[in-house]
Amino acid sequence: MSTLSTRSGLRTFTAVIAVIFAVILVIGGAWLAVLGGSYYYVISGIALLISAILLARRSTAAIWLYAVLMLVTLVWGLWEAGTDFWALVPRLNILGLLGIWLLIPGVTRGIGAGLRASKTFLSATLVLSIAVLVYSIFNDPQEINGSLASTQPAQAQPVEGISPADWPAYGRTQSGTRYSPLNQINENNVKDLQVAWTFRSGESRTENDSGETTNELTPIKIGDNMYICTTHQILVALDPATGKEKWRFDPKLKSEPSYQHLTCRGVSYYDQANTTEFAASLAGKPQAQTSCPRKVFLPVNDGRLFAINADNGQPCSEFANNGELDLKEMHPYTYPGGLQPTSPPVVTGTTVIIGGSVTDNFSIHEPSGAIRGYDVNTGALQWIFDTGAEDPNAIPTDGKTLVNNSPNAWAPLAYDAAADVVYVPTGNATPDIWGGHRTPLMERYASAIVALNGSTGKLVWSYQTTHHDLWDMDVPSQPTLADVKVESGDTVPAVYVPTKAGNLFVLDRRDGKAIVPITEVPVPQGAAEGDWVSPTQPRSALNLTPIQTLTDKNMWGATMFDQLMCRVIFKRLSYKGQYTPPSEQGTIVFPGNLGVFEWGGISVNSDRQIALMNPMALPFVSKLIPRGPGNPMWPEEGAKGTGTETGIQPQYGVPFGVEINAFLSPLGLPCKQPAWGYVAGVDMKTHEVVWRKRIGTIRDSLQGLQLPPLKIGVPMLGGPISTAGNLMFIAGTQDNYIRAYNVTNGDKVWEARLPAGGQATPMTYEANGKQYVVIMAGGHGSFGTKMGDYLIAYALPDTK
């Protein structure tokens, strides 16, 4: 009797669970169908409900119907997603597990004739589904598995004026190539890398720090010294062979929680004796005598720039005010944290050139985005390029200020020493998500690449990458300067311009003309009241966005239920493709605010004519909030920034505030199916993506839980470097790893677990005949990775 009762109980329990699942699918599926989405969910819900009723009535038809449902789901999944493992899993996992449960004898014993045949059919559909999933692991339709035909020359070509052993600038060169000619560590021995030394800064996040507290540092190394800046912008000199501290300088950063950023991506170096790289910019001027012939320039987030003696860590007394330059001079609205230099400046033979970040989406009363050049020894202002001024080079006098809210240059700049031209990547005039108030002058150099003479600040040329930018689709990376061999056989000096919108513009750096074709494509219209949308946007033939236009087929979740909800949410939001204007309804922004490219930039090996990069693909949602109760046009006295770039942003002075968030499911997972992050290799001669691979695992996706390290392709912050050892090194992913890839084919050849998030770009150098690879593992507050204070160097083990 008890056995019969147990069987009946299992069967009833199974039927009840199936009914619950079916009701969710029917209700959610009907909602989706009404919105114009797939009919699969409502149909599958009805089928599952009928199957549950038949199971409760002990009918064999329940198993037959369920097996058919499983088979139809598999076919539907393959039709929508192909052999994409992560796209198939949420479509199959719940029904698959329930199907396996139905095979348990206790659930189905006592059902009528034909049970064995029905179970055999169900088993076959389950085995087929598992086989498809296994096949899909090794046949990823999102990956491109080609090989770069070029090979590394036997002798890597050195950069004039730079020792192969050094990494003297943020991008190794001020042209931003992120390529080292070192090859002691190579594709064959990289698997043997081990920790050589670890330096800990001793810093931690404090209650006065912002939500955007980060460790995005790339160190520089010159001779016997390595220079780093910490989260709080303390400058530290290290021994590159041991990681031992030599000295430190503390600028006494005035941090506040309202700062939108708390970060230092790096510092810049100047050596008066090394004039080779800067000969063009010296323009015949005699070098001034200085007590600081070797300087480190340190940007500080409260709006200051320091010049520090590179030998002893003392301020350079001849520079500005005892080594300290106030960058807030001539700026309007100089509230704390309004102007934040987060990237290292460009340094020529005569001039230190710096931009800076301003607070996005806070107010129309912001500092200027002007780029300025100062005398490298005295700190005296040499020139200005104010992106929002009628005469960008005019220096304000008689109490006047720079133009407020003019487009800023927060990412690192690039410099062509031979031509004495600095390449400036710009953002737009904040507030970013509303543009009805912008004047033609405010937009002239917005979201653009601007080429300026390094000695005078005069415009050489400019090219706008996004017109009337309403999506924060700025130029977020240091441009990369490289000579490109074109079809005619000629070598053309080029500038590579990565953008958040996914375009990789390749322009002749002499005049800004396109090397890779650019097309103006029509984009969705229908801006919010009082604003407008450009009818077209430029698209490069070299575009790294993996999906040009999202559909509900691209929606994702951990299960079919939250995937269904993501499809419903997708249909309810405004989305007509890339550049759909912001709306009160809520607009999907894809590529999202993190962009396809971010501040990490790309790596170029001109010896092989190849480029390495790490594109992303994670949608965001922007929702305009009309003015009204709780959302005033102007702030109360003393109002400060939010300390973050997401969530509700006030946009004071325009008709709308805005809420900006990643496009997530009810469970907090991205609604777009993975991958969200890739590594890719591009042939610079053909400008084709030759290989592309997912990067990153789910291991650290849920804080406090160590999940299996299954490759999924995760978002990242930080860029790649490459070496003559046929290696690309990259960290930055949401899982805590640094990895190395074979440059030729993109195969992963090494990885190491980091003690904290590695949201930084690595670098490599040689000391005492040994090559090292260094990464900052310090985490990222708003990215959600584990915080830390580790600078880690890897090297090959010593041979006996």
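This chain uses plain numbering: 1 for the first residue, then up along the sequence.
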Exercise for the section: Report the C-alpha distance between Arg172 and Met763 in whole Å, list the side-chain angles of each, state the deciding distance to 0.1 Å, and finish with yes or no for side-chain contact (heavy atoms from CB on, under 4.5 Å). Expected result: CA-CA 8 Å; Arg172 187 170 186 269; Met763 53 84 82; over 6 Å; no
With a 4.0 Å cut-off, would you call [X] and [Y] a salt bridge?
| X | Y | answer |
| --- | --- | --- |
| Arg509 | Asp483 | yes |
| Asp398 | Lys400 | no |
| Asp326 | Arg304 | no |
| Asp508 | Lys513 | no |
| Lys485 | Asp490 | no |

Side chains of [X] and [Y] only: does a donor on one sit below 3.5 Å from an acceptor on the other?
| X | Y | value |
| --- | --- | --- |
| Arg265 | Thr342 | yes |
| Thr644 | Thr642 | no |
| Trp410 | Asp474 | yes |
| Asn377 | Lys295 | yes |
| Thr466 | Tyr579 | no |
| Glu520 | Thr536 | yes |
| Ser447 | Asp469 | yes |
| Ser368 | Asp386 | yes |
| Gln464 | Arg444 | no |
| Asn453 | Thr456 | yes |
| Tyr335 | Glu366 | yes |

Can you check whether [Y]'s main-chain N or O pairs, donor with acceptor, with [X]'s side chain at less than 3.5 Å?
| X | Y | value |
| --- | --- | --- |
| Asp271 | Ala273 | yes |
| Ser477 | Glu598 | yes |
| Lys328 | Asp302 | yes |
| Gln759 | Gly732 | yes |
| Asn614 | Gly718 | yes |
| Thr499 | Val475 | no |

Practice task
Tell me whether the guanidinium CZ or amine NZ of Arg372 lies under 6.0 angstrom from the six-membered ring centre of Trp383 and within 45° of its axis.
Solution key: no
Quick one: sort the [X] and [Y] rings into parallel, tilted or perpendicular, breaks at 30° and 60°.
| X | Y | value |
| --- | --- | --- |
| Tyr333 | His365 | parallel |
| Phe297 | Phe319 | perpendicular |
| His468 | Trp532 | parallel |

Problem - Test side-chain hydrogen bond (donor to acceptor under 3.5 Å, both in side chains) applied to Glu318 and Thr290, step by step - result: CA-CA 7 Å; Glu318 298 159 354; Thr290 174; 2.8 Å; yes
Exercise for the section: Answer yes if the ring centres of Tyr463 and Phe505 are under 6.0 angstrom apart, and no otherwise. Expected result: yes
Practice task
Report yes if the distance between the aromatic ring centroids of Phe385 and Tyr445 is under 6.0 Å, otherwise no.
Solution key: yes
